[in-house]
**Q** 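Let me begin by handing over the structure; questions about it come next.
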2 protein chains.
Amino acid sequence: MNPPCPLDNVRVVLSYPSHPGNIGAAARAMKTMGLKSRYLVKPKSFPDKEAETRAAGAWDVLNNTRVCENLDDALSGVTLAAAVTARRRDLSHDIFDARQGAKKLLDQARQLPVALVFGTEMSGLTSEEVSKCQFIVHIPANPAYSSLNLASAVQVMTYELRMALPNVGDLPPSLGTLASLDEIELFYCHFEKTMINCGFLDPENPKLLMRRIRRLYSRTTLEKEEVSILRGILNSFEKHT
Amino acid sequence: MNPPCPLDNVRVVLSYPSHPGNIGAAARAMKTMGLKSRYLVKPKSFPDKEAETRAAGAWDVLNNTRVCENLDDALSGVTLAAAVTARRRDLSHDIFDARQGAKKLLDQARQLPVALVFGTEMSGLTSEEVSKCQFIVHIPANPAYSSLNLASAVQVMTYELRMALPNVGDLPPSLGTLASLDEIELFYCHFEKTMINCGFLDPENPKLLMRRIRRLYSRTTLEKEEVSILRGILNSFEKHT
């Protein structure tokens, strides 16, 4: 049996969301990053046709959405809550950026339920709502225009939560079997010989050609099959010269 | 005077976007992260009222949007292009995750124009479109449901670009003058023609040769002078065939 995923312990809370489209788009954003649990505080309209459209098949998140009367109810059972907000607060909590905040939440989510709290579209979280959270998360943004769409903010934060999972992001490089250095040297010899035979390289006055060619291919980390294609091309030229 | 910001050198390209809402939401996403330059390839509808609504005040990005007939035009002048795609490709380019890919693009954007290319909503980028880019960027996602909304994908990538902005003191790498993608395309055409003339490539049965060649050279970020050496070699061969 697989151990439970820490993302299952992360609850997304939307407080007073006013556009059903954002509720749907946020469900889709959550699902793309593997989150399931969602609480809405006093949504203007939910369930709603537009939310269903914009959810684009994230039915399980829509069905897993609980509607609450207030933020206290939405945070019931949670051990750590982060308030996502762009505004500076007078008497502020600790502030972390999106990446640090996601790591902090995920650390705790390995064992206990945590929450990520987003405010209403036009004005964000109230000071009272922020005061019910333990720290503030700030998504780095253009200081002259920092207002992310609600679902976009959910997308960025859930993306950072997923990136904070161990081993996510370590993609295997898509390389074939690399050529050995001897094979590459043989290719350079072959290349040089062909250049001389076709008259492109004057052995009495070689200038920097081969150094430039070496520099170019050194940057590629050539694969075995690529060396063999390149040498095949050289052979084909030699038949004509 | 402030030095130019590398984000000004990053062009967002949306190929065949079908929903005007996404075009608007992507403009907003770009602006929140400080990006300005955008190209659309054959949008279904633009300008459009819904795009304006969803742009939520990101007028400068909307006004800075150029509409192109094809991807080549949208990539004109660009030196490095990343294809954002969730699908695995048979014979793929190098693949980077969103964070690594953003760093790679931003490194180059310190000196030269680069592009981030997104495909149409339903089916993403075609293989032909991907082949015009130098590497693939994959946004880590739930394997069972990896389809991010287009504007959400733009939000995540532009967020990672902003997060990759260097701190003061990071020196730019010393690059030769890089070839533009148009110059590289002309090289590939020349290469293919020469391969056909010398009999190495059968146009009736081309197999994967040109895709393999593109993949090989995509990894090098070719310089202008290197392209001119390679084309000189091709010219020299042609004299003999």
Side-chain angles (χ1 to χ4, degrees), chain A residues 25 28-29 31-35 54 56-58 97-99 139-149 151-153 155-156 159 162-163 165 168-175 195 198-200 209 212-213 215-217 219-223 225-226 229-230 232-233 235-237 239-241, chain B residues 25 28-29 31-35 54 56-58 89 92-100 136 138-149 151-153 155-156 159 162-163 195 198-200 209 212-213 215-217 219-223 225-226 229-230 232-233 235-237 239-241:
Chain A
R28 177 175 179 179
K31 184 162 183 176
T32 62
M33 296 298 147
L35 280 84
R54 296 279 299 281
D97 73 20
R99 188 160 302 164
I139 300 177
N142 178 0
Y145 183 90
S146 61
S147 148
L148 272 74
N149 162 264
S152 291
Q155 185 75 68
V156 168
Y159 161 77
R162 188 167 190 89
M163 287 296 282
L165 285 176
V168 172
D170 311 344
L171 285 176
S174 68
L175 289 175
M195 291 303 115
C198 81
F200 190 78
L209 179 69
R212 293 215 59 132
I213 292 295
R215 175 164 168 265
L216 188 169
Y217 289 107
R219 296 202 305 273
T220 61
T221 55
L222 284 167
E223 298 170 13
E225 202 178 331
E226 289 171 344
I229 290 171
L230 291 171
I233 292 171
N235 284 331
S236 175
F237 282 138
K239 278 191 215 138
H240 291 276
T241 54
Chain B
R28 177 175 180 180
K31 183 162 183 173
T32 61
M33 295 299 147
L35 279 86
R54 296 278 300 281
R89 309 281 170 167
S92 68
H93 296 45
D94 281 345
I95 304 181
F96 297 92
D97 74 20
R99 188 159 300 164
Q100 297 162 330
I136 286 177
H138 173 255
I139 299 176
N142 178 0
Y145 183 90
S146 61
S147 148
L148 271 75
N149 163 265
S152 291
Q155 185 75 68
V156 168
Y159 161 78
R162 190 168 189 87
M163 289 295 281
M195 291 303 114
C198 82
F200 190 78
L209 180 69
R212 294 215 59 131
I213 291 296
R215 174 164 171 265
L216 189 168
Y217 288 107
R219 297 203 303 272
T220 63
T221 54
L222 284 167
E223 297 171 9
E225 204 178 328
E226 290 171 343
I229 291 171
L230 292 170
I233 293 171
N235 283 332
S236 176
F237 281 137
K239 277 192 214 134
H240 290 275
T241 54

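Chain letters run A, B, ... following the sequence lines, proteins first, then strands; residues in each count from 1.
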**Q** Under a 4.5 Å heavy-atom cutoff, which of B:A58, B:A144, B:A153 has the most pairs with chain A?
**A**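 Going by pairs under 4.5 Å, I would pick B:A58.
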**Q** Does any heavy atom of chain A fall under 4.5 Å from the side chain of B:A29, the backbone, both, or neither of them?
**A**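 For B:A29, there is no contact with chain A at all, as no heavy atom is under 4.5 Å.
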**Q** Under a 4.5 Å heavy-atom cut-off, does chain B meet the side chain of A:N235, its backbone, both or neither?
**A**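 For A:N235, there is no contact with chain B at all, as no heavy atom is under 4.5 Å.
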**Q** Could you have a look at A:G34, A:P140, A:A25 and say which one has the most heavy-atom pairs with chain B under 4.5 angstrom?
**A**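 That would be A:P140.
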**Q** Check B:A56 against A:Y145 and note the closest heavy-atom contact, atom names and distance.
**A**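 Here B:A56 and A:Y145 meet closest at O-OH, 2.7 Å.
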**Q** Minimum heavy-atom separation for B:T32 to A:S147, with atom names?
**A**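 Minimum heavy-atom separation between B:T32 and A:S147: CG2-O, 3.5 Å.
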**Q** What residue, out of A:L216, A:V156, A:D97, A:I229, has the most heavy-atom pairs lying under 4.5 Å from chain B?
**A**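 When all of A:L216, A:V156, A:D97, A:I229 are compared, A:L216 has the most.
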**Q** Run the side-chain contact (heavy atoms from CB on, under 4.5 Å) check on A:R54 and A:R28 step by step: do they pass?
**A** CA-CA 8 Å; A:R54 296 279 299 281; A:R28 177 175 179 179; over 6 Å; no
**Q** Test of understanding: with side chain to side chain donor-acceptor pair (under 3.5 Å), list the residues that count as partners of A:N142, not counting sequence neighbours.
**A**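 A:N142 satisfies side chain to side chain donor-acceptor pair (under 3.5 Å) with no residue once adjacent residues are dropped.
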**Q** Counting only heavy atoms closer than 4.5 Å, note whether B:Y159 contacts chain A via side chain, backbone, both or neither.
**A**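 For B:Y159, the side chain is the part near chain A, not the backbone.
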**Q** List in chain and number order the residues that pass salt bridge (Lys or Arg N to Asp or Glu O under 4.0 Å) with B:R99, two or more places apart in sequence or in another chain; answer none if no residue qualifies.
**A**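 Listed in chain order: A:E160, B:E160.
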**Q** Of the backbone (N, CA, C, O) and the side chain (C-beta and beyond), which part of B:L222 lies under 4.5 Å from a heavy atom of chain A, both, or neither?
**A**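 For B:L222, heavy atoms of backbone and side chain both lie under 4.5 Å from chain A.
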**Q** Under the criterion side-chain contact (heavy atoms from CB on, under 4.5 Å), I'd like the reasoning laid out for B:M195 against A:F237: C-alpha separation, chi angles, the key distance, then a yes or no.
**A** CA-CA 9 Å; B:M195 291 303 114; A:F237 282 138; 3.6 Å; yes
**Q** Considering only heavy atoms, which portion of B:R162 lies under 4.5 Å from any heavy atom of chain A: side chain, backbone, both, or neither?
**A**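 B:R162 touches chain A through side-chain heavy atoms alone.
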